[in-house]
Trainee: 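Pasting a structure below so you can have a look.
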Amino acid sequence: MTTDRTNWIPGRILITKAAQEFAHGRAIVERAAALGSEIVELSNDRVVLAKEQDRRAAYRAAKSTLAVVVAPPSKRRLQPIPPSADWRFDLAEGCHAHCQYCYLAGSLSGPPITRVYANLDEILDGLPAHLGRGAVTSASRERAHEGTTFEASCYADPLGIEHLTGSLAEAVRFFGRWDAPVQLRFTSKFDGVEPLIGIAHRRKVRVRMSVNARTLIRFEGGTRPLAARLEALGRLARDGYRVGLTVAPIQPFPDWEAGYADLFEEAAKALTGVSDLDLTVELITHRFTPGSKAVLRGWYPGSDLDLDETARSRKLTKFGSVKYVYPAETMRAMRTVLSDLVGCTLPAARILYWT
Ligand code: SF4
């Protein structure tokens, strides 16, 4: 993997036979080729990498590959995504960064290749059928004014690859034209917002920056620095976007109260003077499953990220699988402190949820 000053340049782009039929897919390949990526045009639709001798080499090869593929109907079927939004839709799947607490670990199977969808128009055309049908914001008295909400960053960080894909800008234009109470939402650990500035979004888009206390950013390899993310958020807010902070994954590291106080102060500074500021905060604590722990320990064997089951509470998810969360007392303490910090430091913000 290489990067220019700020943007990821994949070592290799694979484009499937089906994706070659889409102008959007071909445009992605052209952009990547201009940046120096090796281009491989596949003669079929199977994305496979050459077998590597060891696990590290396989990880590196997958993480430096971007595959341009066609999202089949099963991937275009929208899913509810509480507590963030009514619906989840995907512009891409996977991520090139190296966060040692990546929430995708254990959710996506196979090597960690980033896949981006060439049939963007088909994906966007599938959204209007869901207008007014959600069970999160649409069904909530406090959040109904947000309209039907569509979350685009559940399985990818679409802003981190926007310089290659252009998919987010297209989605923002789509929502800007959509004459109905709707909102596009996505969150990111990147700062490449230039392609989104100046688009007629008509306040139908909420961009959140995924942030954490500065001491934890060391776990977020290959992402952009905290200050750059907050500066980008300020830029978007000044361009009229609704904005937000996704604070995740919250952890009780030594002196965590001061660490999170600094974070909210930095965010407040970045948003100083924004007229018409519409700011939300989502507070997400760290959790892991046996599956995600196994994947993360395989990807980052030297990591000192705390994944000690004995210090956590064991919970069953609604699907019957196990997850490990902080004990109730720690959760209560963190919730009280962080909610108070948001109230004091960012008085204009609405906290959407704590989880
Ligand atoms: S930026 Fe997000 S999706 Fe990408 S590796 Fe980090 S946590 Fe995972």
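For clarity, every value in this text was computed on a predicted model and none was experimentally measured. One-based numbering along the sequence shown.
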Trainee: Surrounding CZ of Arg202 (heavy atoms of other residues, nucleotides or ligands, distance under 6.0 Å), is the total greater than 12?
Mentor: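 Counting other residues, nucleotides and ligands, CZ of Arg202 exceeds 12 neighbours.
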Trainee: With a 6.0 Å cut-off on the ring centroids, do Phe253 and Tyr260 count as close?
Mentor: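 Yes - the distance between ring centres of Phe253 and Tyr260 falls below the 6.0 Å cut-off.
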Trainee: Are the charged groups of Lys75 and Glu93 less than 4.0 angstrom apart, N to O?
Mentor: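 Yes, this pair counts.
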Trainee: Could you report the tightest heavy-atom contact between Ala248 and Ser210, atom names first, then the distance?
Mentor: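 So the minimum-distance heavy-atom pair works out to O-OG, 4.4 Å.
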Trainee: Could you give the side-chain donor-acceptor pairs of residues 10-18 under 3.5 Å, partners two or more places apart or in another chain?
Mentor:
residue: Arg12; atom: NH1; partner: Thr65; partner atom: OG1; Å: 3.3
residue: Thr16; atom: OG1; partner: Ala19; partner atom: N; Å: 3.2

Trainee: Do NZ/NE/NH1/NH2 and the carboxylate oxygens of Lys293 and Glu309 come within less than 4.0 Å?
Mentor: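 Yes, charged N to carboxylate O under 4.0 Å.
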Trainee: For a salt bridge (charged side-chain N to carboxylate O under 4.0 Å, His left out) check, start with the C-alpha distance between Arg206 and Asp278, then their side-chain angles and the critical distance, and finish with the verdict.
Mentor: CA-CA 9 Å; Arg206 184 178 302 281; Asp278 180 342; 3.0 Å; yes
Trainee: Are Arg242 and Glu146 close enough for a salt bridge, meaning some N to O gap below 4.0 Å?
Mentor: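 No, no charged N to carboxylate O under 4.0 Å.
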Trainee: I'd like to know if the side chain of Arg229 pairs up with that of Thr223 as donor and acceptor (distance under 3.5 Å, no hydrogens or angles considered).
Mentor: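 Note: Arg229 and Thr223 side chains meet the donor-acceptor criterion.
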Trainee: Checking side-chain polar atoms at under 3.5 Å, does Arg312 have a donor or acceptor matched by the opposite partner on Tyr326?
Mentor: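 A donor-acceptor contact under 3.5 Å links the two side chains.
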Trainee: With no hydrogens and no angle check, just 3.5 Å: does a side-chain donor-acceptor pair link Tyr59 and Tyr300?
Mentor: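 Judged by distance alone, the side chains do pair up.
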Trainee: Between Ser84 and Glu151, is there a side-chain donor-acceptor contact under 3.5 Å, judged purely by atom types and distance?
Mentor: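 Side-chain D/A pair, Glu151 to Ser84: present.
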Trainee: Is the shortest side-chain N to carboxylate O distance from Asp86 to Arg143 below 4.0 Å?
Mentor: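 No salt bridge links Asp86 with Arg143.
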Trainee: Assess the side chains of Arg287 and Thr285: does a donor N or O sit below 3.5 Å from an acceptor N or O?
Mentor: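 Side chains of Arg287 and Thr285: pair found under 3.5 Å.
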Trainee: Report yes if the side chains of Arg88 and Tyr155 come closer than 4.5 Å at any heavy-atom pair, otherwise no.
Mentor: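 A side-chain contact under 4.5 Å exists here.
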Trainee: Do Arg218 and Asp304 meet the salt-bridge criterion of a basic N to acidic O distance under 4.0 Å?
Mentor: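 Answer for the salt bridge query: yes.
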